[in-house]
Amino acid sequence: MALTRENIARSGLKLLNEVGLNGLTLRLIAADLGVKAPALYWHLKNKQELLDEMATQMYRDSAADRRPPASAEEWEGVAHGARALRRMMLAYRDGGKVFAGTYLGDTSLVGEHPLRRSIEAGLDEGRASRATFTVYCFVIGYVIEEQAVRPMPGEFDERYRESAGEAVLGDADARFEDGLAMVLSGARQWLETT
């Protein structure tokens, strides 16, 4: 197998579920791929580039899931994308941390603006982008916090058992939906009033 950025990223994602972000090293990935660590530096300069490539691969692999139904209204499409983004990150231990702040190496994955029709009808594109970016940031932040308590499905960090209340220990899906509804409502209202 030829060494590529993609198979390095896929190895990183596989190992991420085993060792978490703190345990993931280029040396570990090299061993998984059967090469010496310096061979990886021909493809990636450092760990941040590795994380960028892993996030890009995560995003690429989830493209079909993120695509809203053709019949969806714009804001339903934004909500659909938010839910898909959460599922994408939850598929990997520390997926939220890996995805946060990374640079997507394939900009063709971004696609058209989810509020494109409203922008074409006169909505300021910069404001629309700030609104949807706020939704995006909510999802990433929520997943990072969710994975702190529940690193992987079926796992629970017992440190939270006594100190956390229902807001942390309760139904994560229901809490996500409540938060998403609040953020979407606020974003829509902000766009309508200013």
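Remark: side-chain polar atoms of Glu74 are paired, donor with acceptor, to backbone N or O of Ser118 under 3.5 angstrom. In this structure, Glu146 contributes its side chain and Ala172 its backbone to no donor-acceptor pair below 3.5 Å. Using a distance-only test at 3.5 Å, with no hydrogens or angles considered, no donor-acceptor pair links the side chain of Arg188 to the main chain of Val183. Gln57 contributes no side-chain N or O that, together with a main-chain N or O of Glu53, makes up a donor-acceptor pair within less than 3.5 Å. Looking at Glu76, its side chain does come within 3.5 Å of a backbone N or O of Glu73 through a donor-acceptor pair. At distances below 3.5 Å, at least one donor-acceptor pair connects side-chain atoms of Thr25 with backbone N or O atoms of Leu28. The closest donor-acceptor contact from the side chain of His80 to the backbone of Trp75 lies at 3.5 Å or more, if one exists at all. Asn17 contributes a side-chain N or O that, together with a main-chain N or O of Arg93, makes up a donor-acceptor pair within less than 3.5 Å. A donor-acceptor contact shorter than 3.5 Å is absent between the side chain of Ser185 and the backbone of Ala181. For Asp94 (side chain) and Pro151 (main-chain N/O), no donor-acceptor pair under 3.5 Å exists by modelled atom type.
Contact between Ala39 and Leu3 at its shortest, heavy atoms only, is O-CD2, 3.8 Å. Closest approach of Ala131 and Ala187 over heavy atoms only: CB-CB, 4.1 Å. Nearest approach of Ala55 to Thr102, heavy atoms of both residues: CB-OG1, 3.1 Å. Of all the heavy atoms in Leu26 and Leu40, the pair that sits closest is O-CD1, 3.2 Å. Between Gly105 and Thr56 the shortest heavy-atom distance is N-OG1, 2.8 Å. Minimum heavy-atom separation, Arg175 to Tyr142: CB-OH, 3.3 Å.
Atom NZ of Lys36 is surrounded by 12 or fewer heavy atoms from other residues, nucleotides or ligands within 6.0 Å. For Arg27, the CZ atom is loosely surrounded, since the number of other residues' heavy atoms within 6.0 Å does not exceed 12.
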Go through Tyr92 and Phe99 one step at a time and tell me if the ring pair (Phe, Tyr, Trp, His ring centres under 6.0 Å) criterion holds. CA-CA 10 Å; Tyr92 300 97; Phe99 203 76; over 10 Å; no
Run the side chain to side chain contact (heavy atoms under 4.5 Å, CB included) check on Ile29 and Leu50 step by step: do they pass? CA-CA 10 Å; Ile29 292 170; Leu50 168 66; 3.4 Å; yes
Dump the intermediate steps for salt bridge (Lys or Arg N to Asp or Glu O under 4.0 Å) on Arg86 and Asp173, then the final yes or no. CA-CA 10 Å; Arg86 177 176 175 243; Asp173 294 334; 2.9 Å; yes
Between His113 and Ser129, does a side chain to side chain donor-acceptor pair (under 3.5 Å) hold up when you go through it step by step? CA-CA 8 Å; His113 199 291; Ser129 294; 3.2 Å; yes
Test Glu49 against Arg5 for salt bridge (Lys or Arg N to Asp or Glu O under 4.0 Å), laying out the working first. CA-CA 10 Å; Glu49 245 186 57; Arg5 289 175 72 93; 3.3 Å; yes
Run the numbers on Lys14 and Glu18 for salt bridge (Lys or Arg N to Asp or Glu O under 4.0 Å), then give the verdict. CA-CA 7 Å; Lys14 178 185 83 168; Glu18 296 172 17; 5.1 Å; no
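By the 6.0 Å and 45° rule, Arg83 does not stack over the aromatic ring of Phe176. Remark: Arg130 is not positioned above the aromatic ring of Trp190, lacking an NZ or CZ atom under 6.0 angstrom from the ring centre and at most 45 degrees off the axis.
Rounding to the nearest 0.5 Å places OG1 of Thr4 at 9.0 Å from CZ of Arg10. Within the model, atoms CG of Asp178 and CG of Leu180 stand 9.5 Å from one another, a figure rounded to the nearest 0.5 Å. Here the CG atom belonging to Leu21 is positioned 6.0 Å from the CG atom belonging to Leu51, to the nearest 0.5 angstrom. Put simply, CZ on Arg66 and CG on Leu85 are 7.5 Å apart, with the number rounded to the nearest 0.5 Å. With rounding to the nearest 0.5 Å, the separation of CG in Asp52 from CD in Gln48 is 4.5 Å.
Side-chain contact between Leu24 and Val98: absent, with no pair of heavy atoms (C-beta onward) separated by less than 4.5 Å. Residues Leu115 and Glu125 are not in side-chain contact: their nearest non-hydrogen atoms beyond the backbone lie 4.5 Å or more apart. With contacts defined as side-chain heavy-atom distances shorter than 4.5 Å, the pair Val78/Thr132 qualifies. With a 4.5 Å cut-off on side-chain heavy atoms, Leu13 and Met58 count as touching. Using a 4.5 Å cut-off on side-chain heavy atoms (C-beta onward), Asp65 and Met88 make no contact.
If you chain together hydrophobic residues whose side chains sit under 4.5 Å apart, Val143 and Met182 never meet in one group. No chain of hydrophobic side-chain contacts below 4.5 Å, direct or via other Ile, Leu, Val, Met, Phe, Trp or Tyr residues, connects Val35 to Trp42. Follow the hydrophobic side-chain contacts under 4.5 Å out from Tyr103 and you never reach Ile144; the two are in separate clusters.
If you check the side chains of Ser11 and Asp32, you find a donor sitting under 3.5 Å from an acceptor.
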